[in-house]
Every structure is written in structure tokens, then in C-alpha cells.
**Student:** 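Have a look at this one.
Protein chains get the first letters and strands the later ones, always in sequence-line order, with residue 1 at the start of each. When reading the values below, keep in mind they use all heavy atoms of this one structure, side chains included, and skip hydrogens, waters and symmetry mates.
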There are 2 protein chains.
Amino acid sequence: MVRPIKKKQIPNLQDAIKETAWKQIAEFGAPALSLRAIARELKITAPAIYNYFPDRDALVTALIIDAYTSFGDWQIEARDSASNNNLHKKLEAIGLAYRNWAHTYPQRYQLIFGTPIPGYITPREEVFPSSARSISALFSVVEEFHAAGKLSIDAVPAVSEKYKTHYEQWRTYLGEINPLSVFVAMIIWARVHGIVSLEIQGNLPSFGKKGDALYLFELHSISHQFIKE
Amino acid sequence: MVRPIKKKQIPNLQDAIKETAWKQIAEFGAPALSLRAIARELKITAPAIYNYFPDRDALVTALIIDAYTSFGDWQIEARDSASNNNLHKKLEAIGLAYRNWAHTYPQRYQLIFGTPIPGYITPREEVFPSSARSISALFSVVEEFHAAGKLSIDAVPAVSEKYKTHYEQWRTYLGEINPLSVFVAMIIWARVHGIVSLEIQGNLPSFGKKGDALYLFELHSISHQFIKE
DNA sequence: AAAAATAAATAAACACCGTATATTTACAGA
DNA sequence: TCTGTAAATATACGGTGTTTATTTATTTTT
């Protein structure tokens, strides 16, 4: 069984393809992603890419996973940079990091939460680990609030079967989480996502001096509504 | 100046093109929109479409305006179907109509709030009238609450210059609106949009028996936070 | 060292796409 | 009937993702 290891004209061509893809996405937007354009820039032929990604969608999936990983890094770093004693600070840091990441990498945000690639359908299972990791920071902080008995709500609407599947998936990646925490975390996520996605899309004008007054108002609303004290 | 009126093989070809486009969007998704496929189905040649739409983007814009109009119809009908004496019912009806419309026409929702067409950039000014009309129902009800002295919040963060432009645009289409009402309406919009967009995208599992428990919770949160009594 | 094996790149082609240009067709008004 | 013009077609160009066959290069085996 002969199996040579490596001999590439460009070392780490797989990474080079992804880097070039990101460069073009940043410059021309995600929908303009083109295998031929990537090949042109790397001075290879388009079919050569197929040695590293079975098709265009596989490349997009790899990019999405990278984007989730970058997003998760920001989230986790935000959580861990705030003092362990101050859960409110952690929650706020996570909320701000969410918006900051989106405004720093709008194309990556669109790649994850928009549907900018024609015909592409996200393979949920493949993306799930990086996706789950990215929201684990929020989940863990809410769970800490819950463990400390500081969540203000105590009733969760009856969950549907469809939801239970998601919940079980999350548990395998995020560990034990109380359904109540999940419910609260999902609401927080949805609120934060609502503003940011409207902003990124251009439907919502920047608000307030620093353009984030509405967002800060919502972060405060979240704390006030869901957390005691 | 000779200017004949009409002689088309297909009467109302312009409308037929749009109808076929919607049919294909519903079946294969918005990103799969193809002028040639539309022409094929209508048994005309692709360039014939250019007699009715200068390019593909113009067709997409027309579709988006139609989607906004349909969306606005639902919103306005929801507002007007509730008793004039009951503002809370009106607000709830608008909120439910928002989600119902999105779940009835997920492709139209994505066409408006996603970026599913490669390379397409929404011409805001052109779309604005239908867009403004679609949120006018929410704005008017919030303004009625405000006029009745029933808004719970009374401070609006200082608005940025960028926002003022939007605000002036809105005023020309929606009439006199108090900045406070605008602020509250935008928060409501963002919250509702946050959940629905995550649902439509598949990021959020259906929640509760009828799959809308989380949504109903948020509608209740909105009333509770922003409206007196 | 020569030969065999195999991975990686290329070359060429296919079926799409949006769109521009030139041409034909069909009909309204003079 | 002739003419002007709008609408449709025919054709072509450059772009796309992808498949197939072929060449190139390197590694392992003989």
C-alpha cells in the first residue's frame, strides 16, 4: 500500500484556498465567492481545488466552521476576561462581544446567519460542534445565574418534540444545562441577534452617540428582566 | 410619433415573469432564481425578459417590493381586524401576524431580510415606500399608546446623525411620529425579528406545544415592559 | 538504481448562468 | 400600403461549478 505524504507546489494549499476565499469574501462579499477566482489568484487551475474540497459547498462549510470558531473565541474570551465574581459583567461582556464581532466581521456574520451562497444548504451536524461552542459562553453564564438561584423566571413553556432533539444535542456538547437556563439563553440570543442582524443588513440605523444606544438598552433590559437584584 | 400599445404572445408577460419567478423561488429557493429558467418555463427566450426588466436585479427588486406589499397587507389587516378600543389586542395581532406571514412565506421573508441573491444589493430608496408601509402598522399602534400616555419608558438615548436621516424618511411616509414611539417600535421590531429569523433559518428549534411558546413569551414581555397597566 | 505506484496538478469539455448586439417579426398609425 | 417601432429571437461572450482523462511529480518497492 503505497501512500506518499506530501509534495505540493504551494505548501498548505488547503489553508491557502481558505485564506484566499476569506480575502475575496472580505473584498467582494460572500455571494461573489468563486472557485475559479480563487484558483486564478493562487495561480492554479480550478479543478485542483477538488483535491482538497469535494465541491464548493464543502469549502463553504469549512469557512462557516472557521467563522463559528472565530466567533466562539470572542465569546469565550469575553466571558473569561471578566472577573469570576461578577456574573453581570460576564453577561454584559458576552453581549458586547457578540455585536463587536459582527461589526468587525460582517461578512462572516452573514455567512453564518444569512444565506449568501446560492444553493448552499448548511449541513447542521457537521457545523454543530463549532456552533454549539460559540454559544456555550452565554449558556454557561446563564446556567451559573441559575445555579446561584438568581434567575427571575421559574416557569418554562412545555417543550415540543422538535426542541427536545436540539436540547439533547446541546447537552452532549455543553454538558448538563437546566431547561430553564436554555430557555433564558435562547431569548437573550434572539434579542441580541435581532438587533445585530438588522444592523448588519442595513435595516436598522445606528442608534445613539456610539451607535449602540439601542443595543445597550436591550442588554440592560435583559439583565433587568431575567436576573434578580 | 408612432407608439403602438400592445401585442404580446403572452398577455401581461411582465406579471407572468414575476409569477413564474415566485413559483420557482417557492420550489427551489430564492438563490436558484434564474432568468433562463423562467424563460424556459414561459417558452420564450431569455433576452425577451429584458424588455420588461432591465436586468436580473430589477426583477429581484420588483419581487422584493411585492413581498413587502404582501407583508404589509398582513400587518395592516391584523391591526384593523382588532377592535379599535383594544390597543393591546392590536399589538398582539400585529406580532402574531409578523410570525405567521414569515412562516407562511419563508422564501419571501428570506428575500427581504436575508441576502439570498448573489451579488444583489437592495436599492433602499426604491424599496422604501413598500418597506415603510409594512412597518407602519406597528408604528401607528405604538404611537397610539404614546398618545394615550401609556408608554412606560420616557427617555430616549441621544440619536445619531445617521439615525436622523432614517427618521426623516420615515416621517414623510408615516406622518408625525414621536421619537419615543420610534424607539419603542424599533425594539419591538428587533425582538420579533430576532426570533423569527432564527426560526426561519433553522437555528432555533420550534418551542412549545404549537412551536410558538417562546414567541408568545416575548410578545408578553414586550407589553409588560413598554406599556402601562 | 530502476520500476512501480499513487497523489496532485493540468487540459479539455459540458452544461449552466446573466447579458449585449444584431436581426427578424408583428402590429399600429399615417 | 408603407413605415416606424416595439417585442421577440438568434447568436455570441465571458463567467460559473464540475467531470473526465491525462500528465507530472514524488514516494515506495523491487
**Student:** What's the CZ-C1' distance between R56(B) and dG15(D), to the nearest Å?
**Tutor:** 13 Å
**Student:** Below 30° counts as parallel, above 60° as perpendicular, anything between as tilted: where do the rings of W101(A) and F71(A) land?
**Tutor:**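 Judged by the thresholds at 30° and 60°, the geometry between W101(A) and F71(A) is tilted.
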**Student:** What is the separation between atom CD on Q24(B) and atom C1' on dC17(C), rounded to the nearest whole Å?
**Tutor:** 13 Å
**Student:** Can you spot which of I135(B), L63(B), I112(B) makes a side chain to side chain contact (heavy atoms under 4.5 Å, CB included) with Y68(B)?
**Tutor:** I112(B)
**Student:** Can you sort out the partners of Y173(A) under ring-ring contact (aromatic ring centres under 6.0 Å, His included), two or more places apart, ordered by chain and number?
**Tutor:**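 With neighbours one apart ignored, the set is F128(A).
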**Student:** What is the nucleic acid contact for I49(A), judged by heavy atoms within less than 4.0 Å: base, sugar-phosphate only, or nothing?
**Tutor:**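 Touches nothing.
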**Student:** Taking for each residue the nucleotide of DNA chain D with the nearest heavy atom, is it P54(A) or A37(A) whose nucleotide lies nearer the 5' end?
**Tutor:**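 This one resolves to A37(A).
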**Student:** Does S34(A) place a side-chain N or O at less than 4.0 Å from the phosphate oxygens OP1/OP2 of dT16(D)?
**Tutor:** yes
**Student:** Which residues satisfy the side-chain contact (heavy atoms from CB on, under 4.5 Å) test with E41(A), sequence neighbours excluded?
**Tutor:** T20(A), K23(A), Q24(A)
**Student:** Ring-plane angle category for Y109(B) and Y98(B), please: parallel below 30°, perpendicular beyond 60°, tilted otherwise.
**Tutor:** perpendicular
**Student:** Taking only side-chain nitrogens and oxygens of Y50(A), does any of them come within less than 4.0 Å of OP1 or OP2 of dT18(D)?
**Tutor:**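 Answer is yes, contact under 4.0 Å.
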**Student:** Can you measure R40(A) atom CZ to dG17(D) atom C1' for me and round it to whole angstrom units?
**Tutor:** 13 Å
**Student:** Just the atom pairs and distances: protein N or O near nucleotides 12-14 of chain D's N or O, under 3.5 Å.
**Tutor:**
none

**Student:** Does W22(A) have R108(A) sitting over its ring (NZ/CZ under 6.0 Å from centre, angle to axis within 45°)?
**Tutor:** yes
**Student:** Check the phosphate of dA9(C) against Y52(A), side-chain N and O only, distance under 4.0 Å to OP1 or OP2. Yes or no?
**Tutor:**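 For dA9(C), OP1 or OP2 has a side-chain N or O of Y52(A) closer than 4.0 Å.
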